[in-house]
Engineer: 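My questions will all concern the structure given below.
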Amino acid sequence: MTDTVSTGAADAPRYDFRTAEPKWQAAWDARGCFQVNDVPTDNRPKYYVMEMFPYPSGKIHMGHVRNYTLGDVIARYKRARGCSVLHPMGWDAFGLPAENAARERNIHPAKWTWDNIATMRDELKRMGLSLDWSREFATCDPAYYGHQQKLFLDFLRVGLVERKESWVNWDPVDGTVLANEQVIDGRGWRSGAPVEKKRLSQWFFSITKYAEDLLAALGSMDRWPERVRVMQENWIGRSEGARLHFELTQPIAGIDRGEVYTTRPDTLFGMSFLALAPEHPLAAAAAARDPAAAAFIAECRRLGTSEATIEAAEKRGFDTGLRVRHPFLKDATFPVWIANFVLMEYGTGAIFGCPAHDQRDLDFARKYGLDVKPVVLPPNADPANFSVGNEAYVGPGTIYNSDFMDGLDVDAAKRAVIAELERLGIGEGVVNWRLRDWGASRQRYWGCPIPVIHCAACGVVPVPDDQLPVVLPDDVTFDRPGNPLDHHPTWKHVACPACGAPAVRETDTFDTFVDSSWYFARYCSPHADVPVVREAVEHWMPVDQYIGGIEHAILHLLYSRFFTRAMKATGHLDVEEPFAGLFTQGMVTHESYRAADGRWLYPEEVDRLPDGAAIERNGSSPVTIGRVEAMSKSRRNTVDPGAIIARYGADTARWFILSDNPPERDMEWTEAGVAGAYRFTQRVFRLVESLAGGSAAAPIGEPGPAARNLRRATHRTIAAVTEALETFAFNVAVARLYEFANAIGEAERASDEPGLDWARQEALETLSRLIAPMMPHLGEELHARLHPSAAQLVAELAWPEADPALLTAETVTIAVQVMGKLRGTIAVPPGAPRDAVLPAAKADPNVARALEGKRVVKEIYVPDRIVNFVVAG
RNA sequence: GCGAGAGUGGCGGAACGGCAGACGCAGUCGACUCAAAAUCGACCGCCGCAAGGCGUGGGGGUUCGAAUCCCCCCUCUCGCACCA
């Protein structure tokens with residue numbers, strides 16, 4: 001055949017993604033390319049890749065596109081590498097926005113949610129993701145949440161769930177309780193309203209029972225980002241110290257002592273006061289007899305955690321007039337204060353204050369004129385002169401002024417004092433955790449009902465398994481504040497399953513984080529009539545690669561780790577860690593635009609001028625170009641994926657999003673970048689068109705140099721792209737494919753030498769397959785054009801293998817340095833011997849000039865890399 | 001304050017201790033066009049006419065050789081933050 005190099009023709013064939021993309025999506029679908037069995041029927045290695053499932057808020061956004069593209073590249077690559085790949089998708093479908101829509105627009109939350117799911121499913125399908133759609137589910141479906149109720153009841157049976165009264169975070173705007181994890185800087189994570197403290201009866205998952213294990217396991221999770229592990233570590237917050245009690249000189253309201261937790265028991269002799277959290281029972285006892293104390297406590301509560309944050313530096317206290325005895329100093333007593341900086345949630349809600357060696361205690365002591373008595377002497381300090389000013393001494397040193405601890409260092413003193421406290425029976429060494437149990441009750445309609453019944457006679461009665469699922473009623477109204485389930489005329493009134501007497505259903509629903517704490521397990525057997533089928537989860541779990549945003553570093557990921565352990569404890573599965581590998585992607589950002597009158601403008605409302613300035617599209621008034629920041633509706637710097645896919649195709653969107661930068665960093669979405677990616681799809685298509693479908697035979701004799709070089713480029717690209725995909729360096733994989741396309745284009749221009757078409761055929765075929773994880777539709781289209789009668793799709797083909805013999809170039813260029821500075825390059829065969837290379841290096845004119853008149857004292861030669869002459873003088 | 005990460009052309013970014021800036025975007029010039037778009041070709045770190053010099057946040061060090069390893073410092077981003 002002859003080479004018909006079509007370059008630059010105006011009528012060059014154009015890749016029509018509008019017909020190609022639906023065509024290949026239908027082909028994958030028809031052949032069930034991405035479906036796997038719950039329990040394997042072959043012995044291929046399993047690979048479970050999953051992205052965080054979306055909340056069906058309306059339409060997909062660019063963050064989804066990035067997330068699902070990343071996962072899809074991995075899924076397609078692993079499939080080509082011979083794995084049986086589980087790649088599922090579903091919907092995190094319960095949540096407050098659905099109720100807000102109901103209140104604001106009078107749409108039922110279920111309808112709003114299912115309509116959004118339909119829209120978003122459609123959009124995801126247009127992306128050409130290699131998902132097993134037969135596993136799709138939504139968490140708002142009783143077929144899902146009924147099993148969640150079963151899990152809850154199982155957890156209840158083994159004591160991993162309990163109902164207890166506690167101080168909770170109350171969001172006055174959303175009208176619900178929030179978990180600690182959902183309070184950001186003292187404000188509700190959704191509403192942004194200052195959170196109040198309330199005492200309520202709530203359901204708690206006993207996540208603290210696994211504190212030790214959740215922390216210890218982080219150490220071996222080497223495929224998680226360091227960042228996330230550290231965040232979880234801090235959140236779990238292990239500390240070692242002592243718990244001890246102080247006797248009150250006079251009991252109050254039946255209380256005769258106060259218990260504190262400290263990590264510095266070695267400073268016990270430096271005590272000058274005891275401080276209570278405002279919510280502490282002893283504080284309440286003091287308030288009961290002293291209106292001033294009550295007023296102080298009320299003031300603390302009114303300020304709440306939110307404004308307390310703003311006033312963080314301001315320490316406030318109230319002296320109750322109570323006094324406690326020191327455990328070791330016979331006659332010493334100390335005042336008991338209520339202090340706003342002591343947290344009821346941590347330790348025992350009470351501390352002993354040692355101002356000399358704790359900055360907070362020192363600030364407090366200075367403000368209220370309390371004693372400051374040093375008991376740790378810094379190295380080389382003079383005990384007669386050492387004193388503490390406005391900075392507490394928290395470093396190492398020798399204990400003094402401390403009776404039996406005198407002369408010990410800090411660690412030895414801690415051991416000594418704990419031993420003494422234990423001997424006297426007034427305290428003990430303990431490990432303390434910052435982690436709290438997970439309060440999961442929410443006073444909301446659009447969530448999974450908590451399957452218990454409250455009976456006046458029997459107490460809390462679990463709903464019997466055979467009455468599950470407890471289904472949400474459809475006929476609810478949103479015309480008044482509060483929980484519609486509670487307002488419903490009949491739903492909550494049921495007979496007690498134990499005694500048959502009239503009883504009341506629990507009207508709280510679960511925190512939606514419960515829904516997402518086990519969905520990865522449900523995907524393994526999504527249609528089973530039990531929560532999970534053991535055989536299926538044992539085959540597929542853990543998730544080999546989980547991908548999502550960093551914003552879930554604590555909440556979702558920690559809850560899921562807990563749930564997996566609890567499911568193991570209740571016999572549902574047999575793994576501890578749900579996610580063996582975790583990848584956290586960066587955000588998608590965009591420039592923001594502002595009109596002269598301050599209105600934010602969408603990118604499509606703005607035109608860029610050649611000089612870089614911007615004007616409004618319909619009016620030519622100037623536009624201020626703002627910062628590049630995360631896409632958000634409020635700043636209107638969003639780009640609708642649906643519009644991009646309609647205009648450029650899914651492959652272009654996928655290619656650009658992968659090519660821009662490393663996936664863990666924030667990427668900037670730009671129109672120019674998308675256009676560049678689109679041009680590449682057309683260029684690659686033209687390369688294949690130019691070969692015009694024939695299959696070229698191998699040459700009889702030795703192929704020409706252009707053919708040989710192209711073959712080497714082909715095999716080196718296979719190796720390079722493989723390596724890049726293995727390490728998540730998708731931007732590098734893209735770069736290697738650009739280079740490869742350039743190499744193919746160059747070969748095209750070579751003379752019609754023997755074997756060139758044959759080498760081009762191999763190159764293009766390889767290109768179609770290497771490109772397919774990123775641009776699957778284009779990959780199929782190229783493959784079909786190269787092999788019009790092919791029986792298999794690229795999606796069904798194995799990954800190309802690089803021939804090791806073709807991985808090195810025929811000649812290598814070696815850099816020649818003199819004293820570490822580059823003076824020239826020489827071309828030699830790979831692995832050329834030292835005594836052939838060094839004379840050639842010296843013969844290079846530039847090198848010769850640099851060596852002139854110098855004495856070479858050392859010659860460094862690293863084969864295929866470098867020559868370096870070290871000279872004297 | 002504590003912790004984690006990052007500083008490389010106009011921009012995004014490449015680079016087992018071995019030719020810094022691959023690849024893309026933007027830009028410049030040229031070809032093809034009546035013209036434009038598209039396409040194709042060439043150029044594209046800084047200073048310099050050139051020879052050459054200088055260059056990976058700054059300063060030291062190790063090495064024949066450092067963006068890369070070690071020490072000190074600076075800046076930025078993110079997370080946590082009264083946790084006793």
Side-chain angles (χ1 to χ4, degrees), chain A residues 5-12 14 185 225-231 233-235 237-239 241 260-265 267 275 308-309 311-315 339-343 345-354 357-361 363-364 432-435 550-551 553-554 586 612 628 655-656 659-662 664-668 670-677 679-680 682-683 686 720 724 729 731-742 745 749 813-825 857-862 864-871:
Chain A
V5 180
S6 75
T7 51
D11 58 351
R14 294 200 135 226
D185 290 336
E226 173 74 8
R227 199 150 83 101
V228 176
R229 286 188 303 183
V230 169
M231 283 163 77
E233 212 174 289
N234 292 340
W235 189 264
R238 182 182 197 273
S239 76
V260 305
Y261 171 73
T262 178
T263 57
R264 292 298 303 273
T267 62
T309 322
E311 304 281 326
E314 177 73 1
K315 290 189 172 43
N340 69 337
F341 71 94
V342 180
L343 307 172
E345 302 85 38
Y346 188 78
T348 62
I351 61 159
F352 82 82
C354 175
H357 305 293
D358 183 286
Q359 191 61 46
R360 295 155 302 185
D361 297 348
D363 295 343
F364 192 74
N432 192 57
W433 303 90
R434 183 180 173 278
L435 185 68
I550 187 77
E551 67 275 16
I554 294 173
V628 173
W655 187 254
F656 172 54
S659 68
D660 191 59
N661 67 353
E664 68 275 12
R665 298 194 202 166
D666 289 353
M667 74 161 293
E668 187 187 351
T670 60
E671 192 66 16
V674 186
R679 281 200 299 275
F680 183 67
Q682 297 297 336
R683 194 168 133 229
R686 281 194 304 275
N731 57 321
V732 179
V734 165
R736 295 293 165 256
L737 288 166
Y738 269 113
E739 282 180 90
F740 188 36
N742 291 344
R749 285 185 280 136
T813 306
I814 290 185
V816 182
Q817 299 178 337
V818 176
M819 291 299 280
K821 286 205 184 295
L822 182 72
R823 295 300 171 187
T825 58
V857 295
K858 197 168 178 184
E859 296 169 334
I860 314 279
Y861 173 50
V862 182
D864 301 347
R865 296 227 175 257
I866 205 153
V867 172
N868 189 12
F869 295 112
V870 184
V871 297

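So that the names make sense, note that chain A is the first sequence line, chain B the second, and so on, each numbered from 1.
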Engineer: What are the atom names and distances for every N/O pair under 3.5 Å that joins the protein to nucleotides 1-7 of chain B?
Structural biologist:
none

Engineer: Figure out the CD1/P separation between Ile866(A) and rG17(B), and round it to whole Å.
Structural biologist: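 It works out to 14 Å between those atoms.
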Engineer: Separation of Met667(A) atom CE from rC11(B) atom C1', in whole Å?
Structural biologist: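 One finds 13 Å between C1' of rC11(B) and CE of Met667(A), rounded.
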Engineer: Taking side chain to side chain donor-acceptor pair (under 3.5 Å) as the test, write out the residues that go with Glu739(A), two or more places apart.
Structural biologist: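 With neighbours one apart ignored, the set is Arg736(A).
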Engineer: What contact category does Thr262(A) fall into here, base, sugar-phosphate, or nothing, at under 4.0 angstrom with non-hydrogen atoms?
Structural biologist: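 If one applies the 4.0 Å heavy-atom cut-off, Thr262(A) turns out to touch the sugar-phosphate alone, with no base involved.
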Engineer: For rG9(B), decide between syn and anti, treating a glycosidic angle within 90° of 0 as syn.
Structural biologist: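 With its glycosidic angle within 90° of zero, rG9(B) counts as syn.
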Engineer: Does Asn731(A) place a side-chain N or O at less than 4.0 Å from the phosphate oxygens OP1/OP2 of rA14(B)?
Structural biologist: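 So the side-chain polar atoms of Asn731(A) do come within 4.0 Å of the phosphate oxygens OP1 or OP2 of rA14(B), strictly under.
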Engineer: Can you check whether Cys354(A)'s main-chain N or O pairs, donor with acceptor, with Asp361(A)'s side chain at less than 3.5 Å?
Structural biologist: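 A pair under 3.5 Å: yes.
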Engineer: Kindly write out the residues that satisfy side chain to side chain contact (heavy atoms under 4.5 Å, CB included) with Arg679(A), not counting sequence neighbours, or none if the list is empty.
Structural biologist: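 Residues passing side chain to side chain contact (heavy atoms under 4.5 Å, CB included) with Arg679(A): Ala675(A).
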Engineer: Kindly point out which of rG79(B), rA14(B), rG18(B) is positioned nearest to the side chain of Arg865(A)?
Structural biologist: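 Output: rG18(B).
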Engineer: Need one value for Asn742(A): base, sugar-phosphate or nothing, where a base atom within 4.0 Å counts as base even if backbone is also close, heavy atoms only.
Structural biologist: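 Sugar-phosphate contact only.
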Engineer: Could you tell me which residues satisfy side chain to side chain donor-acceptor pair (under 3.5 Å) with Glu859(A), sequence neighbours excluded, listed by chain and number?
Structural biologist: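 Expected list: Lys842(A).
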Engineer: Taking atom P of rG79(B) as reference, at what distance in whole Å does atom CH2 of Trp235(A) sit?
Structural biologist: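 For the pair Trp235(A) CH2 and rG79(B) P, the rounded distance is 13 Å.
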Engineer: Mind checking what makes side chain to side chain donor-acceptor pair (under 3.5 Å) contact with Asp864(A), not counting sequence neighbours?
Structural biologist: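 For Asp864(A), no residue satisfies side chain to side chain donor-acceptor pair (under 3.5 Å) once neighbours in sequence are set aside.
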Engineer: Quick check for you: among rA84(B), rG13(B), rC19(B), whose closest atom lies nearest to any side-chain atom of Leu343(A)?
Structural biologist: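 Nucleotide nearest to Leu343(A)'s side chain: rA84(B).
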Engineer: By nearest atom, which of the nucleotides rC40(B), rC25(B), rC82(B) is closest to the Ala672(A) side chain?
Structural biologist: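 Side chain of Ala672(A) sits closest to rC25(B).
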Engineer: Rounding to an integer number of Å, can you tell me how far Glu551(A) CD sits from rU77(B) P?
Structural biologist: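 Going from Glu551(A) (CD) to rU77(B) (P), I get 20 Å.
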Engineer: Going by the rule side chain to side chain donor-acceptor pair (under 3.5 Å), which residues pair with Asn234(A) if we only count those two or more places apart in sequence or in a different chain?
Structural biologist: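 So Asn234(A) forms no side chain to side chain donor-acceptor pair (under 3.5 Å) with any residue.
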Engineer: Scan residues 816-825 of chain A for pairs that pass salt bridge (charged side-chain N to carboxylate O under 4.0 Å, His left out), counting only residues two or more places apart or in two chains.
Structural biologist: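 Every candidate salt bridge (charged side-chain N to carboxylate O under 4.0 Å, His left out) pair involving residues 816-825 of chain A fails, so no pair, neighbours aside, qualifies.
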Engineer: Can you measure Tyr738(A) atom OH to rA14(B) atom P for me and round it to whole angstrom units?
Structural biologist: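 Distance, rounded to whole Å: 15 Å.
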Engineer: Taking atom C1' of rA81(B) as reference, at what distance in whole Å does atom CG of Asp363(A) sit?
Structural biologist: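 That distance rounds to 15 Å.
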Engineer: Could I get the full list of ring-ring contact (aromatic ring centres under 6.0 Å, His included) partners for Phe364(A), not counting sequence neighbours?
Structural biologist: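 Partners of Phe364(A) under the ring-ring contact (aromatic ring centres under 6.0 Å, His included) test: Phe273(A), Trp337(A), Phe341(A), Tyr368(A).
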Engineer: Once you apply a heavy-atom cut-off of 4.0 Å, does Tyr261(A) come out as touching a base, just sugar-phosphate, or nothing?
Structural biologist: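 Touches a base.
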Engineer: Between Ser239(A) and Tyr261(A), do the side chains contain an N or O donor and an N or O acceptor separated by less than 3.5 Å?
Structural biologist: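 Short answer, yes.
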Engineer: Which nucleotide in the list rC80(B), rA84(B), rC23(B) gets nearest to the side chain of Thr263(A)?
Structural biologist: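 Selected nucleotide (nearest to the side chain): rA84(B).
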Engineer: Can you give me the N/O atom pairs linking the protein to nucleotides 51-62 of chain B at distances under 3.5 Å, or say none if there are none?
Structural biologist:
| unit_1 | atom_1 | unit_2 | atom_2 | d |
| --- | --- | --- | --- | --- |
| rG52(B) | OP1 | Arg849(A) | NH1 | 3.1 |

Engineer: Over how many whole Å does the gap from Asp660(A) atom CG to rA14(B) atom P extend?
Structural biologist: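 So the two atoms are 11 Å apart, to the nearest Å.
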Engineer: Could you write out RNA chain B as dot-bracket? Rules: Watson-Crick or G-U wobble, both distances under 3.5 Å, brackets [ ] for crossings, | for pairs with another strand, dot for unpaired.
Structural biologist: (((((((..(((.....[....))).(((((.......))))).(((....)))..(((((..]....))))))))))))....
Engineer: Below 3.5 Å between N/O atoms, which protein atoms pair up with nucleotides 64-66 of chain B? Just atom names and distances, please.
Structural biologist:
| unit_1 | atom_1 | unit_2 | atom_2 | d |
| --- | --- | --- | --- | --- |
| rC64(B) | O2' | Asn868(A) | ND2 | 3.1 |
| rC64(B) | O2 | Asn868(A) | ND2 | 2.6 |

Engineer: In terms of side-chain heavy atoms of Asn340(A), which of rG13(B), rC82(B), rC40(B) is nearest?
Structural biologist: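 Taking heavy atoms from C-beta onward, the closest nucleotide is rC82(B).
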Engineer: Thr813(A) near the nucleic acid: base, sugar-phosphate alone, or nothing, with a heavy-atom cut-off under 4.0 Å?
Structural biologist: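 Result for Thr813(A) = base.
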Engineer: Met231(A) CE to rA81(B) C1': how many Å, rounded?
Structural biologist: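 Spelled out: CE on Met231(A) to C1' on rA81(B) is 13 Å.
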Engineer: For nucleotides rG45(B) and rA22(B), find the distance between their C1' atoms and express it as a whole number of Å.
Structural biologist: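 To the nearest whole Å, 14 Å.
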Engineer: Using a 4.0 Å heavy-atom cut-off, does Val342(A) contact any base of the nucleic acid, only the sugar-phosphate backbone, or nothing at all?
Structural biologist: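 If one applies the 4.0 Å heavy-atom cut-off, Val342(A) turns out to touch a base.
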Engineer: If you only use heavy atoms from C-beta on, which nucleotide in rA22(B), rA20(B), rA84(B) is closest to the side chain of Arg736(A)?
Structural biologist: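 Closest of the options to the side chain of Arg736(A): rA22(B).
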Engineer: So, using ring-ring contact (aromatic ring centres under 6.0 Å, His included) as the criterion, who are the partners of Phe740(A) when residues are at least two apart?
Structural biologist: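 ring-ring contact (aromatic ring centres under 6.0 Å, His included) check on Phe740(A) returns nothing, list empty.
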Engineer: Work out how far the C1' atom of rC2(B) is from that of rC70(B), and round it to whole angstrom.
Structural biologist: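 Taking atom C1' in both rC2(B) and rC70(B), they lie 24 Å apart.
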Engineer: When you measure from the side chain of Arg683(A), which nucleotide among rC82(B), rU39(B), rC40(B) comes out closest?
Structural biologist: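 Nucleotide nearest to Arg683(A)'s side chain: rC40(B).
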Engineer: Would the distance check show the side chain of Asp358(A) and the main-chain N or O of Gly353(A) forming a donor-acceptor pair, the cut-off being under 3.5 Å?
Structural biologist: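 It does not hold such a pair.
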Engineer: Identify which nucleotide among rA38(B), rC19(B), rA14(B) has an atom closest to any side-chain atom of Leu822(A), counting heavy atoms from C-beta outward.
Structural biologist: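 The answer is rC19(B).
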